Structures are given as structure tokens and as C-alpha cells.
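Structure, as C-alpha cells:
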Amino acid sequence: MIIDKIKELLVTKVISRRSFLKSSALSGIALLGLTGCASEQDEVVDTSTVEPIEEPAPVAPREQNPISRHACPRNCYDTCSILCEVKDGKITRVSGDPGNPITAGGLCVKMNHYLSWVYHADRILYPLKRVGAKGEGKFEQITWEEALDTIATKTKANIDAYGPETVLKYNISGTVGFVHNYGLSQALFNKMGTSILVGSACAGSGSAAIPYTYGKNAGVDPEEFVNTKLYVSWGANEAAVNVHTVKFIKQCKENGGKIVIVNPVRPGLLHYADMFIQIKPGTDAAFALGVANYIIENNLQNQAYIDAYTVGFEELKTTASEYTLEKTSEITGVPIEQIIEFSKMYGEIKPSVIRIGFGMQRHSNGGSMVRAITLLPPLVGAIGKDASSGYVYINSGYWISYAGIQGNDLRENPNARKINMNELGKALTGELETTKDYPISTLLLFNSNPMAIIANGNRVRRGLLREDLFTVVADIFRTDTADYADIILPASTFFEYEELCQDYMGWYLRHNSPAIEPLGESKSNCQMFSELAKRMGYTDPIFDMTTEEAIKVCLQAENVVKQGITYDNLKEKGWVKLDLGVPYGDMKFPTPSGKIEFYSEKLKEAGHHPVAAYVPRVESEDGSPDLFKKYPLTLISAHTKNFINSHMHNVPQINELIEESAVFIHTDDANERGITDGDSITVTNDRGTILMVAKVTPTKTQKGTLLSYSCHWPKLVEGGKSVNELTPDRVSDMGGGPTFHTNLVEIAKA
Ligand SMILES: Nc1nc2c(c(=O)[nH]1)N[C@H]1C(S)=C(S)[C@@H](COP(=O)(O)OP(=O)(O)OC[C@H]3O[C@@H](n4cnc5c(=O)[nH]c(N)nc54)[C@H](O)[C@@H]3O)O[C@H]1N2
Ligand SMILES: Nc1nc2c(c(=O)[nH]1)N[C@H]1C(S)=C(S)[C@@H](COP(=O)(O)OP(=O)(O)OC[C@H]3O[C@@H](n4cnc5c(=O)[nH]c(N)nc54)[C@H](O)[C@@H]3O)O[C@H]1N2
Ligand code: SF4
Ligand SMILES: [Mo]
């Protein structure tokens, strides 16, 4: 009763929650569950269903054996610096580099088991050829001679018969090393003239959206989080996927900063949160515009800054005015008083950082959401003025490049057919328009496990089953994808080859020296591809380039040279921090107007609202009412702390942690379907059905939204199909990104 009364007061009279609490005699009453808003954290943030945060524990290296220095290339924000002790040619101990400020001596839940990964009994140590049916997983050992001859002969024959663009090179981010993923390893495919792989299974939408506003992307240094006074975790899950920044966020709080979370589900960082905004999935653009509207209506914007550095404020004002408190609340599910309180905090607290997560943008409207969020920092003057102010998204890619080592000049057909990596299934089955007449004849795949990580697994499987498709997979393990190969090549791990890495959030360059010789007959990607190039008859000098030479080319970047970073000093220490100054500190924005663009003509030309707009997701109550009747639940399949993409699922210690593929279900949704905690359930949509175990929870997720983790190996889960069996292979609105979370399903007791 009393709670209802308070709710009514807050909603109807639109009293700020904090001022209400301060002035009310009722301020001692625990408001748990009222709105999820938590300015008085201890009273109102419910963390009961949130796992404890496990910060990396430093492990001191023993140093009695020789130490080698490494950079973790696992497509993780942290890119830890690793120390290995090696004895008699074997790694005996793996630990985090205590000297590096990000790694600070500790790795993570997963990579504390790196030794079990490197020396796993199931490692592929020799080339293999298929002897059973496609996908059956029956292989026989062959020599490298036979493997390379078979691949060269078959690929050449397919190029001669059908053209080079029927060859598809496919790699994502199994390792994100500069040389062995993005750089030298691409030269062979440029020379062949294969189809060009475009888009991103990861963060394409946000990466395309941000430059519309700022002309480029330059984020805050995570070590600066300690100095900010407001950290907004927007669609991110730091405690699981970016564990080394948690200490900086915690310090921000200890220094008096506020932590706000915007997420449809409760992430680990909730333990430190002052406010939890539990938004409906895919509605963040409406929330951002609603906040902008409140800020402008209440004159909380920084008008002098806006006048000096931005264009399109009037258009923003008009557009945002459509997002009234009532409308914003209705679309997003966020209570009006919370929209008000967050807007006030964001308008008043300086400096502030918005952390734009990757997970949030994996929706059909992901680009639109990120674009809308990018309009907030300049509204309050947060860009370019302070090192601990602005936003952070990704910090790689704007100060060092691998373009010089990709052999781009070898490509005779720069306008070759483009294939979006998210549409692999359609491309292989010929359901993609551009592959109808010229089917893919040859798939050369490395650094990726699409059977586990690409959407619409059923379609990917059908494609890989094609008898007339010649498939080569280079991997460390016999993944589900490798099971469909005609030839499997044994890849060595980064502990066995040299590499250059760049953090994707921190401002570091890191060097990786090999600790041991390649196990068995395994080879690095570059080594196997340069040998294959020679079998193909290619004699270009790039195929003789060493990794050391390639790294030296990358280090010629202006910023790097200017700061005195050389191959030798980088190699000796293992890492070096670049000084990038205040992000956008020169107040130069390479947009068409040269200013921050609240209004973007380019965005309009690309078919979007020139300011920003809430666009309903393709699969949602608003976007597809008929489908919604059949499949009323949105399934978010986010990343987990226990494994990284599909890595580590096959490592025994990690497999034990995972137990089963769980799906969190709101109590109301479970009750409506007679599902109880621990039940085995089916999760279904028109793309397929998988088996999962129900985790029924009153708070971890919200009604209408399911949460599961990705990406399990299909063959290691019950039923042999994991979450990407269900996800859609549609491409997002900007940048060719994925739409894993725009995924309607229904659940039932199995
Ligand atoms: N449902 C759902 N699906 C998702 C996501 C999601 O949020 N939800 N996230 C997506 C994201 S963000 C990403 S980035 C992708 C990742 O997709 P991938 O990059 O394909 O996945 P990984 O599991 O990281 O790596 C694939 C393989 O690389 C191999 N590998 C590692 N090192 C080497 C090497 O040195 N050489 C060779 N040849 N192989 C090596 C590993 O053994 C592994 O089998 O997944 C996407 N899939
Ligand atoms: N341990 C571990 N670390 C990893 C990885 C891993 O698999 N495991 N993967 C690495 C890779 S490749 C990547 S790209 C990053 C991913 O890093 P993140 O983007 O931080 O991780 P995700 O778990 O994909 O998604 C983050 C959050 O987005 C939320 N979300 C989903 N939909 C919406 C929405 O509509 N609005 C809002 N506001 N939030 C939403 C999810 O609930 C989730 O909590 O992590 C990297 N680090
Ligand atoms: S996966 Fe990420 S947190 Fe773990 S060791 Fe590698 S870089 Fe560090
Ligand atoms: Mo990713």
C-alpha cells in the first residue's frame, strides 16, 4: 500500500527520487523493487541474483625459470600481458605481468587455465583429411605435403573453372593478432582474388554509427575511469568480459563517483551501482532521446560548448521533443522518475563517461541506438575537454594500422564480390542473392568457429554439408566447424609464434614472443599460408616476409615513431603505452562540417533519421506483431565470464564451470508456462529448437526477456545444438553488424 502511494507520488508529481528521499520522512523505508533506481544504493539495488564479481587475482611469477613475454590475443578488451616460465622446452607456469597497469598480475577465470589449453590432449597436431561423410568427424592423418598439394590443386581447379570470387576466405577473431589475423595472413587471399569478407560479427553497428557524430572514434583511456565522477555502463558487462577495468570503476566509486547501469538484465557491475536502469531490449535510442529532451527542456545543456563545437542543435531539440517523459517511459519501460533523475545526473555531474557496450548494438537497430547515445556527451560539453570525460567504446584502430602488411596491392579485383560474415549460411546455400549464380566453390577458414558463433546455425550447417564445396579449416582444435572440413590444418597457438597486439580498450601496444616450439607439426597461420602461396605458384616477396619484418612495418606509424617506440624496446618490455592525449582534445572533428554533428546529412543519405530515432527491432512487439504472438520472448545471448566466444569450452576445468547451457527466465514467464527452476526446456523459433536448462529468477532478467550465454560448442551441449541455432542471420542497420539479440522465441518444458 505504502509503496503504491510512493509510486503514485513519484510518477504523478514527477518528484526527483533523490530529493524525495531526502525530504521525505519515509526516507528510511527500503524501496527495494520499487523502480530499480538506486541513488541510495544499499537500500534499493537488489543484487541477490547477481554473481559476485571475481576480480583477477595477481599470481606472482616465480622467476626461477626463463620468462617469456606474451600478449593475450583473445579478442578481449584487456589484451593482458602474460609471463610464461619455460623449462626444458615446456611452459610450466602462466601468470599476468604484475608490471602492466591493466593486467596488474592477474589473468582471468578462463585464461588461468591456459596451460590446459596449450597442452590439451585433443589438440590437432597433424594435417588431417576427411575419410567419412561431411560433418561426421572422421579424419585420417596426412603429411603437410599432401595437405598443401591437395588444397593448391583443388583451389586452382575451382578458380580456373568458376573464377576466383567463388573462393571465400573466412576469418573472424580467434586470435586478434595484427600479423596472424589481420595482416600478413590476408596476402594469399588478396593474391588469389577471393570474395571479400565484410561486416562484423562483433561491433559493426557502433563502429559505423560513431563517426556520423564525431567523424572518427576516440575513447577515454580506461585508466582514467578512476577520475570520472559519473560512469555510465550502457549495454556492457564489464565484470564478465572486461574484468581488468573493474578495479578502475571501483576506484571511481571510492573516489566519490557514481555508477549507473543501463541494461535489460542485471550484470555483475550491479554490485557497485548507484542506479540500475532496466531498459527494454532495443529501446535505448528512445531513452537517449528522452534524456536529451529532458536536458534541453530544463536548460541543463552546455550552450556555450554547443555553439562553439557542434552543428544541428535546433534539429536535435525538435527531434528530441517528440520523446516526452511519458512516451520515453512507455517505449523503454523505464519509470518517468528514473528518466528524470538520470537526466539530471548526466546534466549536472562532470566529468562523466558513457561506456558504450558492444552487446547492446547486436540488434537490428544497433547502429541507431549507438548514434542516439553519442549525442549525449556533446550536449553536456563532455567531449575533448578532460581526459576522464566523454565516452568509451573501442580504442583500437585509430593509431596503428595493418594495412601495410595485407598485400592489398596484390589484389587485381578490388571490386570483387563482398560477402557479409554474418550471412555465411546464406552465402554457402546460395540463398544470398550474390551467390545464386556463382556458388561458393571453396571455403578457406581460419581463426573462426562459425558453427558455434554465427547466427542461424541450421543454415550454416546446410551450407557446410554441400558435397560440391571444398572446405579447409585451420584450427587448434576439432571444433564443430572443423568436423565439416575436407582438410584440417593444425594451427599453433600464440605461445608458439611471434605476434603484435593492440588493446581494444587500453592504450597499449603489446608484443608476444614465442615461448615454445610449435607442438607436433602445427604451424602459425602465416607460415601455413605462405607455404600454400608457394604451392599455388605465387612468388611475390610478401610471402617470404617474416613476422618480425611485418611488425616493424606496422611500427612505422607516425604516432608510434614519434613516441620513440621501436621493435626492440617493445619486445624487451612486452608492452608500451601510447600517449594519445585528451580524446578529441584538438577539437577537430573530421565530419563534413568539421564539428560534432547532431544533424548529419550523411546519415540521411544512408537512409536514416538525420538526428536519431527509435526504430523498433525487426523481431519485436512493435516491429513484427504477428511473429510476436507466436514467439513472445526476446532471447539475449550475451558473453560469459567463463569462456570467450567459443574458446575454452573444451577445456575440462572450464567445462566443469559451465555445467549446462542455462537460460534465465523471469518468474512470471516461467509460471505462465509451468516451468520451474532446473527444468529441461525447449527454446524454439522458426529457425530451430534447442534444449536448455531453466534458471527461474525474479530479478536477473525482466518479464519478456530471456538471457543465455554464448557461445557453446554445439557438440558439447545436450541435443548437439547451441544458441546460434536460433539467432537470426539478418544484418544490422549500420556497418553490417550482427543481430543476435533481435531474436524472438518461445519456451516450453522439454
Ligand atoms: N549468439 C551470439 N553469438 C555471438 C556473439 C554474441 O554475443 N551472441 N558474439 C559475437 C562476437 S562479438 C564475436 S567477436 C564472434 C567471435 O567469433 P570467432 O572469432 O569465430 O570465435 P572464437 O571462439 O573466438 O575463435 C574461433 C576459433 O579460433 C581458433 N584459434 C585461436 N587461435 C588461433 C590461431 O592462432 N590460428 C588459428 N588458425 N585458429 C585459432 C580457436 O581455436 C577457435 O576455434 O562471435 C560472435 N557470436
Ligand atoms: N569472458 C569473456 N570476455 C569477453 C568475451 C567473452 O566471450 N567472454 N568476448 C569478447 C568479445 S569478442 C566482445 S565483442 C566483448 C563483448 O563485450 P560486451 O559488449 O560488454 O558484452 P556482451 O555480453 O556481449 O553484452 C553486454 C551487455 O549488453 C546487454 N544488452 C543486450 N541487449 C541490450 C539492449 O538492447 N540495450 C542495452 N542497454 N543493453 C543490452 C546484455 O544484457 C549484456 O549485459 O567481450 C570480449 N570479452
Ligand atoms: S581473455 Fe581477456 S582477461 Fe583473460 S587473460 Fe586474455 S586478455 Fe586477459
Ligand atoms: Mo566480439
Side-chain angles (χ1 to χ4, degrees), residues 54 56 70-82 94-97 100 102-104 106-114 172-174 176 200-204 206 232-246 261-270 277-285 287-288 332 334 355-366 369-370 373 393-394 453 494 501 503-506 510 617 620 634-649 654 664 700-702 705 707-711 737-738 740-743:
E54 291 178 60
H70 305 267
C72 182
R74 282 292 77 85
N75 197 7
C76 165
Y77 293 97
D78 300 352
T79 322
C80 287
S81 286
I82 299 176
V94 175
S95 58
D97 185 342
N100 182 267
I102 302 263
T103 309
L107 297 181
C108 61
V109 180
K110 317 165 284 296
M111 295 335 186
N112 287 334
H113 300 292
Y114 251 148
I172 305 185
S173 58
V176 287
S200 163
C202 182
V232 184
S233 167
W234 201 321
N237 187 3
E238 297 84 342
V241 307
N242 189 197
V243 285
H244 291 83
T245 55
V246 169
I261 292 174
V262 188
N263 204 313
V265 306
R266 289 171 188 245
L269 199 65
L270 205 73
I277 298 170
Q278 188 160 27
I279 195 163
K280 283 190 201 162
T283 64
D284 301 64
F287 183 66
T332 62
V334 180
R355 156 71 177 270
I356 305 175
F358 284 3
M360 171 190 56
Q361 52 168 292
R362 296 188 189 117
H363 285 286
S364 62
N365 58 1
M369 294 204 280
V370 173
I373 295 167
Y393 168 70
I394 185 172
I453 63 88
F494 72 101
C501 288
D503 293 25
Y504 70 82
M505 180 167 276
R510 314 215 189 208
R617 288 172 304 146
S620 65
T634 284
L635 173 60
I636 292 177
S637 48
H639 296 217
T640 159
K641 73 174 180 358
N642 291 328
F643 47 112
I644 178 144
N645 302 330
S646 72
H647 273 87
M648 305 302 280
H649 191 182
I654 297 290
F664 293 93
K700 172 92 181 166
T701 183
Q702 57 182 285
T705 300
L707 170 70
S708 79
Y709 293 123
S710 57
C711 302
F740 297 115
H741 309 325
T742 295
N743 183 19

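Remember, it's a predicted structure, so these values are computed and weren't measured experimentally. Positions are given from 1, in the same order as the sequence printed here. Ligands are counted one by one from 1 in listed order, and the atoms in each one are counted from 1 as well.
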Atom pair OG1/NE2 of Thr640 and His649 - distance to nearest 0.5 Å: 10.5 Å

- prompt: When you measure from the side chain of Glu238 to the backbone N and O of Val246, does any donor-acceptor pair fall under 3.5 Å?
  reply: no

- prompt: Is Arg355 close enough and on-axis enough to Tyr77, meaning under 6.0 Å and within 45°, for cation-pi?
  reply: yes

Short N or O distance, Ser710 and ligand 2, threshold 3.5 Å exclusive: no

query: Pick from Pro281, Ser637, Ser364: which one makes a side chain to side chain contact (heavy atoms under 4.5 Å, CB included) with His741?
result: Ser637

field: Enumerated ligand 2 atoms positioned under 4.0 Å from heavy atoms of Cys202
entry: 14 (S)

- request: May I ask whether Pro267 has any heavy atom positioned less than 4.0 angstrom from an atom of ligand 2?
  value: no

- prompt: Nearest to atom 45 (O) of ligand 2, what protein heavy atom do you find, and at what distance?
  reply: Val241 CB, 3.3 Å

- prompt: Does ligand 2 have an atom under 4.0 Å from some heavy atom of Arg74?
  reply: no

field: Ser233 vs Asn263 side-chain heavy atoms within contact, under 4.5 Å
entry: no

- prompt: If only atom types and distance count, is the side chain of His244 paired as donor or acceptor with the main-chain N or O of Ala104 below 3.5 Å?
  reply: no

- prompt: With a cut-off of 4.0 Å, which atoms of ligand 2 are near a heavy atom of Pro281?
  reply: 35 (O)

field: Region of Ala240 engaging ligand 2 - heavy atom pairs below 4.0 Å
entry: backbone

field: Under 3.5 Å: N/O of Phe358 near N/O of ligand 2
entry: yes

query: Are Phe664 and Val265 close enough that some pair of their side-chain heavy atoms sits under 4.5 Å apart?
result: no

message: Give the atom numbers and elements of ligand 2 that come within less than 4.0 Å of a heavy atom of Val265.
response: 42 (O)

message: I need the nearest protein heavy-atom contact for atom 8 (N) of ligand 2: residue, atom name and distance, please.
response: Phe643 O, 2.7 Å

task: With heavy atoms only and a cut-off of under 4.0 Å, state how Asn642 meets ligand 2: side chain, backbone, both or neither.
output: neither

message: With a 3.5 Å distance limit and no angle check, can you tell me whether Ser173 reaches the backbone of Val176 through a side-chain donor-acceptor pair?
response: no

field: Atoms of ligand 2 close to Asn645 [distance to a heavy atom under 4.0 angstrom, numbered from 1]
entry: 6 (C), 7 (O), 9 (N), 12 (S)

- prompt: Among all protein non-hydrogen atoms, which one is nearest to atom 44 (O) of ligand 2, and what is the separation to 0.1 Å?
  reply: Asn263 ND2, 3.0 Å

Which of the ligand 2 atoms, numbered from 1, are nearer than 4.0 Å to a heavy atom of Gly282: 34 (C), 35 (O)

task: Have a look at ligand 3 and work out which part of Thr79, if any, has a heavy atom under 4.0 Å from it: side chain, backbone, both or neither.
output: backbone

- prompt: Who's closest to atom 5 (S) of ligand 3 heavy-atom-wise, of Arg74, Met111, Lys110?
  reply: Met111

- request: Please answer whether the main-chain N or O of Ala638 pairs with a side-chain N or O of Ser710 as donor and acceptor at a distance below 3.5 Å.
  value: yes

- prompt: Is Arg74 reaching over with its side chain to a backbone N or O of Gly174, donor-acceptor style, under 3.5 angstrom?
  reply: yes

statement: min-distance protein heavy atom vs atom 19 (O) of ligand 2 -> Gly359 N, 2.5 Å

- prompt: Counting backbone and side-chain atoms alike, does Cys76 have an N/O/S atom under 2.8 Å from atom 2 (Fe) of ligand 3?
  reply: yes

field: Taking atom 40 (C) of ligand 2 as the reference point, the nearest protein heavy atom with its distance
entry: Pro264 CD, 3.4 Å

- line: for atom 2 (C) of ligand 2, nearest protein heavy atom and its distance come out as Thr640 O, 3.2 Å

task: Show which atoms of ligand 2 fall inside a sub-4.0 Å distance from at least one heavy-atom site of Ala638.
output: 23 (O)

query: Is it true that a side-chain atom of Gln702 and a backbone atom of Ile279 form a donor plus acceptor pair closer than 3.5 Å?
result: yes

field: OH on Tyr504 to CG on Asp78, rounded to 0.5 Å
entry: 9.0 Å

- prompt: How far is atom 23 (O) of ligand 2 from its nearest protein heavy atom, and which residue and atom is that?
  reply: His639 N, 3.0 Å

message: Looking at ligand 2, is there an atom of it that comes within less than 4.0 Å of some heavy atom belonging to Tyr393?
response: no

- prompt: Measuring from the heavy atoms of Arg362, does anything fall under 4.0 Å of ligand 2?
  reply: yes

query: So which bit of Lys641 gets within less than 4.0 Å of ligand 2, heavy atoms only: side chain, backbone, both or neither?
result: backbone

query: Is there at least one pair of N or O atoms, one from Asp284 and one from ligand 2, spaced under 3.5 Å apart?
result: yes

- prompt: Going by heavy atoms in the side chains, are Met111 and Ile644 under 4.5 Å from each other?
  reply: yes

N/O donor-acceptor pair under 3.5 Å between Thr103 side chain and Ser81 backbone: yes

- request: Below 4.0 angstrom from a heavy atom of His244, which ligand 3 atoms are there? Numbered from 1 as shown, please.
  value: 3 (S), 8 (Fe)

- request: Considering the heavy atoms of Val262, write down every atom of ligand 2 situated less than 4.0 Å from one of them.
  value: 38 (N)

- request: Flag the pair Ile82 / Tyr114 as yes when at least one side-chain heavy-atom distance between them is below 4.5 Å, and no otherwise.
  value: yes

- prompt: Any nitrogen or oxygen of His363, main chain or side chain, under 3.5 Å from a nitrogen or oxygen of ligand 2?
  reply: yes

message: Closer than 2.8 Å to atom 8 (Fe) of ligand 3: does that hold for any N, O or S atom in Cys108?
response: no

- prompt: Sub-3.5 Å donor-acceptor pair from the side chain of Arg362 to the main-chain atoms of Cys202, do we have one?
  reply: yes

query: Any sub-3.5 Å donor-acceptor pair from Asn365's side-chain atoms to Gly282's backbone N or O?
result: yes

- prompt: Just how far is it from atom CD1 of Ile261 to atom CG of Leu269, taken to the nearest 0.5 Å?
  reply: 4.5 Å

Donor-acceptor contact below 3.5 Å, side chain Asn100 vs main chain Ile102: yes

- prompt: For ligand 2, which atoms, with element, lie under 4.0 Å from some heavy atom of Gly235?
  reply: 26 (C), 27 (C), 28 (O), 37 (C), 38 (N), 39 (N)

- request: Tell me which protein heavy atom sits closest to atom 6 (Fe) of ligand 3, plus the residue, atom name and distance to 0.1 Å.
  value: Cys72 SG, 2.4 Å

- prompt: Taking N or O atoms only and a 3.5 Å limit, does Glu238 qualify as a polar contact for ligand 2?
  reply: no

- line: Separation between CD1 (Ile636) and OH (Tyr709), nearest 0.5 Å, reads 11.0 Å

message: Students should be able to answer this: which protein heavy-atom is nearest to atom 12 (S) of ligand 2, and at what distance?
response: Asn75 ND2, 3.1 Å

query: With backbone taken as N, CA, C and O and side chain as the heavy atoms from C-beta onward, which portion of Tyr504 lies under 4.0 Å from ligand 2: side chain, backbone, both, or neither?
result: side chain

field: Selected option - heavy-atom contact closest to atom 7 (S) of ligand 3, from Pro56, Gly96, Gly106, Cys80
entry: Cys80

